[in-house]
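First the proteins, then the strands, lettered A, B, ... as listed; each starts at 1.
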Amino acid sequence: TFSYNCMLQVLIKSRRYGSASEIVQSEMINSASHPPDAYTFSALLSGFCKAGEMDEAVRLFDFVRSRTRVWPNLVLLGILIDGLCKAHRVTEALDYFRQMQDLGLSADIVIYSSLLSGLGKEGRTDDAMELFEAMVARGCTPNVITYNSLIDGLCRSGKIDGAMGILERMVGAGCSPTVVTYTSLVDGLSKTGNVDAASKLMKEMRRRGFVPDVITYNSLMFGLVRESKTDVALGYLSEMMDVGCEPDVITYTAVVDGLCKGGNVDKAIEVLRGMIRKRCSPNVVTYTAVIDGLCKGGRMDEAMVLLSEMLERGCKPNLVTYNSLLHGYCKLGRVDEALEMIEDMGSQGCSINVVTYGAIVDGLCKAGNVSEARKMVSVMQTGSSRIRPDTVIFNTLVDGLCKTGNVGEAVEVLGEMSDAGCKPD
RNA sequence: UGUAGACGUAACGUGC
């Protein structure tokens, strides 16, 4: 069994989940000499989770529970719970958590940390705090990862003071923060428009002997360019190189995108050229950021040139890239060209999503063609892609109708909205 | 101590 497990590990590391699964089924399940054990299933289970095949993962877990002699242990359950959290299925993860005692298991620190991280990413900070207190009350002592998960969740919801409070609490409990702790806080401050506080915190972490890494710098850079502190950001860019913390594609992309969003697209293009000179290859996110900047500035021709450049460099545009272009055409009232773009996407094997339609619907409304926009909302639900309209789509329609004096029809749409299970905001 | 689980960073659509 050990040898088989090692082989499975290798397959799973090379992302050949199907082959791994087949081997377990054909060679192990019915074997007397090398039956699967908890390690076998953990390898498979984490493979499914990493591949995003959560339905398969759940089926496997239930299979192990009901059809095998292997009793699900904390690690197996931990893998499943973490996978569900990462797939934004925290509620189901909590269901498994609550059913643990039926399996004779009691949650450990890893399971709590997964759940805290998942809740935090969903914005459920009150639930996270409650779970944290419950775990402490149960006598489970949080470690640095537990605290970091909680702090990060609070930061994501903009609750920086609360996060600082947890930092104090962890230090008070004798748990030393790490660079990850500080990076969550720096990122939270940057994203809430407090980049000055973010850079202060970075200085403080250094004073306490922690070394910021590229991710810490990237979080800070994001905040700096969002507040148009371009020169300071470029200063930090050289500082990074000086201290041996090489800027990576994410650093440059954050800068490039921030410049674009601040209306400084030409400067962004300079930085794009600069990163290539520094042997850092822009990726699809980098190019899309610049393309979006050009599109928002109505510079469609240049955007299309950049699109061909990225193709030449072997970088494949994705859904977001096309959505940016399509939005650009819509904003210029060139809805026909936007619709052509949808065709192109199909032929490129690129799917479309609710954002694609959001841009089209808005384009039609703003072009004064609100009735066509309403039709489009029905089309999107019936086509082969079957996309559910969301709040943004309905808001766009309501706005379009109101601005053309059709308030009655807008109220009608409000009704369709709740029929679609979509809440007005 | 023969094999398994948890934490931080970048791009797209709506109103004023």
Does P142(A) reach the side chain of F132(A), with side-chain heavy atoms less than 4.5 Å apart?
->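 Yes. Closest side-chain heavy atoms under 4.5 Å.
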M417(A) vs D390(A) side-chain heavy atoms within contact, under 4.5 Å =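 No, their side chains stay 4.5 Å or more apart.
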Is R169(A) salt-bridged to E133(A), going by a charged N under 4.0 Å from an acidic O?
-> yes
Would you call R374(A)-E416(A) a salt bridge at under 4.0 Å N-O?
->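 Answer for the salt bridge query: yes.
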Between the base of [N] and the side chain of [X], is there a donor and acceptor pair under 3.5 angstrom?
X: N5(A); N: rA4(B); answer: no
X: T183(A); N: rG8(B); answer: yes
X: D390(A); N: rG13(B); answer: yes

Scan [X] against the nucleic acid and name what it touches under 4.0 Å (heavy atoms): base, sugar-phosphate only, or nothing.
X: V256(A); value: nothing
X: V214(A); value: nothing
X: Y39(A); value: base
X: S114(A); value: sugar-phosphate
X: I79(A); value: sugar-phosphate
X: T216(A); value: base
X: L74(A); value: base
X: K261(A); value: sugar-phosphate
X: D152(A); value: sugar-phosphate
X: I393(A); value: base
X: I111(A); value: base

Contact under 4.0 Å: [X] side-chain N or O vs [N] OP1/OP2:
X: K403(A); N: rG15(B); answer: no
X: K366(A); N: rG15(B); answer: yes
X: R226(A); N: rU9(B); answer: no
X: K296(A); N: rG13(B); answer: yes
X: K121(A); N: rG8(B); answer: yes

Just the rounded figure in Å: distance from [atom2] of [N] to [atom1] of [X].
X: L167(A); N: rC7(B); atom1: CG; atom2: C1'; answer: 14 Å
X: L224(A); N: rA10(B); atom1: CG; atom2: P; answer: 15 Å
X: Y112(A); N: rA6(B); atom1: OH; atom2: P; answer: 18 Å
X: I352(A); N: rG13(B); atom1: CD1; atom2: C1'; answer: 13 Å
X: N283(A); N: rU9(B); atom1: CG; atom2: P; answer: 16 Å
X: Y252(A); N: rU9(B); atom1: OH; atom2: P; answer: 21 Å
X: L115(A); N: rA6(B); atom1: CG; atom2: P; answer: 13 Å
X: L77(A); N: rA6(B); atom1: CG; atom2: C1'; answer: 13 Å

Do [X] and [Y] meet the criterion of a side-chain donor-acceptor pair at a distance under 3.5 Å?
X: E239(A); Y: Y217(A); result: yes
X: T125(A); Y: K159(A); result: yes
X: N323(A); Y: D292(A); result: no
X: T91(A); Y: R124(A); result: yes

Of all the nucleotides listed ([options]), which has the minimum atom distance to the side chain of [X]?
X: H327(A); options: rU14(B), rA6(B), rA10(B); answer: rU14(B)
X: A289(A); options: rA11(B), rU9(B), rA4(B); answer: rA11(B)
X: A254(A); options: rA6(B), rA10(B), rC12(B); answer: rA10(B)
X: D362(A); options: rU14(B), rG8(B), rA6(B); answer: rU14(B)
X: N143(A); options: rC12(B), rG8(B), rA6(B); answer: rA6(B)
X: V75(A); options: rA4(B), rG13(B), rA11(B); answer: rA4(B)
X: D108(A); options: rG13(B), rG5(B), rA10(B); answer: rG5(B)
X: D187(A); options: rA11(B), rC7(B), rU9(B); answer: rU9(B)
X: S219(A); options: rU9(B), rG15(B), rA6(B); answer: rU9(B)
X: N218(A); options: rA11(B), rA6(B), rU9(B); answer: rU9(B)

